[in-house]
Peer 1: 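Have a look at this one.
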Amino acid sequence: MYFSESILLLQDAASDRDDALRRLAGEFVSRDLVLASFPDAVLDREQRYPTGLDLGDVAVAIPHTDAEHVVTDQLGFMSLRHPVTFRQMGDATATADVSLVIMLALHKSEDQIPMLQKLVELIQDPKSVDTLRTTTSPLEVVETFARAGLR
């Protein structure tokens, strides 16, 4: 159950990438799903291995970090009122104005690739992306992820 704690920040007003990552990671910490080291580890990994993906109409970031910082598997989702700049995955010199952030906390590193594959399928579906970008309904977010096999 990746949404058992319903970490959903909808239409958030984060001021920049680090603010968005700290806000979302802080929700994981406040629920004791991760260690206190998790937010800094996410920021450090994002600096070294950017996670921004420019999909054309919208950009998404999928930040995560090493399993050693995770207690319980969990996904967190944030839609942003105004996009924030992330560096792009695969080309750290390019940037993307990210509107959607999907944070992963997985306590088994071998679970990251299958999870990322499901997330890529989700974000390649224009209808799902549009729903995630515009909704203010937590239930709609959970249902959208569930349709992609992410509960």
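Owing to the predicted nature of the structure, the values given are computational and were not obtained by experimental measurement.
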Peer 1: Go through it in stages, so that I can follow the logic: the residues are Asp54 and Gln88, the test is side-chain contact (heavy atoms from CB on, under 4.5 Å), and I'd like the CA-CA distance, side-chain angles, deciding distance and then a yes or no.
Peer 2: CA-CA 7 Å; Asp54 190 342; Gln88 286 198 52; 3.8 Å; yes
Peer 1: Please determine, by modelled atom types, if Thr51 and Glu46 share a side-chain donor-acceptor pair under 3.5 angstrom.
Peer 2: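 There is such a pair (donor and acceptor under 3.5 Å, judged by atom type) between the side chains of Thr51 and Glu46.
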Peer 1: When rounded to the nearest 0.5 angstrom, what is the spacing between NE2 in His107 and CG in Asp66?
Peer 2: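 Between His107 NE2 and Asp66 CG, I get 14.5 Å after rounding to 0.5 Å.
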Peer 1: Within the 4.5 Å heavy-atom criterion, are Leu132 and Ser79 side-chain neighbours or not?
Peer 2: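 No, too far: nothing below the 4.5 Å cut-off.
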Peer 1: Quick test of your reading of the model: are Arg23 and Glu27 salt-bridged, counting only N-O distances below 4.0 Å?
Peer 2: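 No, no charged N to carboxylate O under 4.0 Å.
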Peer 1: Could you check whether any side-chain N or O of Thr135 sits under 3.5 Å from a backbone N or O of Thr131, counting only pairs where one atom can act as donor and the other as acceptor?
Peer 2: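 No.
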Peer 1: Measure across Val58 and Ser99 and return the closest heavy-atom pair with its distance rounded to 0.1 Å.
Peer 2: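 That would be CG2-CB, 3.8 Å.
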Peer 1: Heavy atoms only: give me the nearest Gln11-Leu80 pair and the separation to one decimal.
Peer 2: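 In this case the closest contact between Gln11 and Leu80 is OE1-O, 4.2 Å.
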Peer 1: Using every non-hydrogen atom in the two residues, find where Arg45 and Thr65 come nearest and quote the distance to one decimal.
Peer 2: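 Between these two residues, the closest heavy atoms are CD-CA, 3.5 Å.
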Peer 1: Would you name the heavy atoms of Thr144 and Glu140 that are closest together and state the gap between them?
Peer 2: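 Reported closest heavy-atom pair: OG1-O, 2.7 Å.
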Peer 1: Can you find a pair of side-chain heavy atoms, one from Ser37 and one from His69, that are under 4.5 Å apart?
Peer 2: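 Yes, side chains in contact.
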Peer 1: If you compare all heavy atoms of Leu100 against all heavy atoms of Arg133, which two are closest, and at what distance to 0.1 Å?
Peer 2: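 Heavy atoms only, the tightest pair is CD2-CA, 3.7 Å.
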Peer 1: Before you tell me yes or no, could you show the steps for Gln112 and His64 under side-chain contact (heavy atoms from CB on, under 4.5 Å), namely the whole-Å CA-CA distance, both residues' side-chain angles and the distance that decides it to 0.1 Å?
Peer 2: CA-CA 9 Å; Gln112 284 186 355; His64 52 284; 3.6 Å; yes
Peer 1: Should Leu55 and Val141 be counted in the same cluster of Ile, Leu, Val, Met, Phe, Trp and Tyr side chains packed under 4.5 Å apart?
Peer 2: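 Yes: a chain of side-chain contacts under 4.5 Å links Leu55 to Val141.
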Peer 1: Rounded to the nearest 0.5 Å, what separates atom CG in Leu53 from atom CD in Gln124?
Peer 2: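 That separation rounds to 9.5 Å.
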Peer 1: How long is the straight-line distance from OG of Ser137 back to CD of Glu143, given to the nearest 0.5 Å?
Peer 2: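 The CD atom of Glu143 sits 7.0 Å away from the OG atom of Ser137.
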Peer 1: Verify whether one side chain among Thr85 and Asp97 offers a donor that lies under 3.5 Å from an acceptor in the other.
Peer 2: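 Looking only at side-chain atoms, Asp97 and Thr85 do form a donor-acceptor pair, the distance falling under 3.5 Å.
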Peer 1: Is the closest side-chain heavy-atom distance between Phe77 and Val101 below 4.5 Å?
Peer 2: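 No, their side chains stay 4.5 Å or more apart.
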Peer 1: Please examine the side chains of Leu150 and Met115, heavy atoms only from C-beta on, and report whether any two atoms are closer than 4.5 Å.
Peer 2: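 Contact flag for Met115/Leu150 side chains = yes.
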Peer 1: If the threshold is 4.0 Å, N to carboxylate O, is there a salt bridge linking Asp18 and Arg22?
Peer 2: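 A salt bridge is absent here (no side-chain N lies under 4.0 Å from a carboxylate O).
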Peer 1: Return yes if some donor-acceptor pair links the side-chain N/O of Asp19 with the main-chain N/O of Ser15 below 3.5 Å, else return no.
Peer 2: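 Checked: pair present.
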Peer 1: Which word best sums up how the rings of Phe28 and Phe38 line up, parallel for under 30°, tilted for 30 to 60°, or perpendicular for over 60°?
Peer 2: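 Ring orientation of Phe28 relative to Phe38: tilted.
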Peer 1: In Å and rounded to the nearest 0.5 Å, what is the CZ to CG distance from Arg48 to Asp44?
Peer 2: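 Output value for this atom pair is 4.5 Å.
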Peer 1: Is there side-chain contact between Leu24 and Asp12, with at least one heavy-atom pair below 4.5 Å?
Peer 2: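 No - every pair of side-chain heavy atoms lies 4.5 Å or more apart.
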Peer 1: Are side-chain heavy atoms of Val98 and Val60 found at a separation under 4.5 Å?
Peer 2: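 A side-chain contact is absent here, since even the closest heavy-atom pair is not under 4.5 Å.
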Peer 1: Which heavy atom of Ser6 sits nearest to which heavy atom of Gln74, and what is that distance?
Peer 2: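 That would be N-NE2, 4.0 Å.
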Peer 1: Report yes if the side chains of Val70 and Leu106 come closer than 4.5 Å at any heavy-atom pair, otherwise no.
Peer 2: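 Side-chain contact under 4.5 Å: no.
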Peer 1: Go through the steps to decide whether Arg17 and Leu21 satisfy the test side-chain contact (heavy atoms from CB on, under 4.5 Å), and finish with yes or no.
Peer 2: CA-CA 6 Å; Arg17 179 197 76 178; Leu21 294 176; 4.0 Å; yes
Peer 1: Mind checking whether Pro39 and Val29 have side chains closer than 4.5 Å, heavy atoms only?
Peer 2: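 With C-beta onward as the side chain, the pair touches.
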Peer 1: Measuring from atom CD1 of Ile62 to atom CE of Met89, what distance do you get when rounded to the nearest 0.5 angstrom?
Peer 2: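 Result: 5.5 Å between the selected atoms.
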Peer 1: For Val71 and Val34, run side-chain contact (heavy atoms from CB on, under 4.5 Å): C-alpha distance rounded to whole Å, both residues' side-chain angles, the deciding distance at 0.1 Å, then the answer.
Peer 2: CA-CA 5 Å; Val71 176; Val34 296; 5.5 Å; no
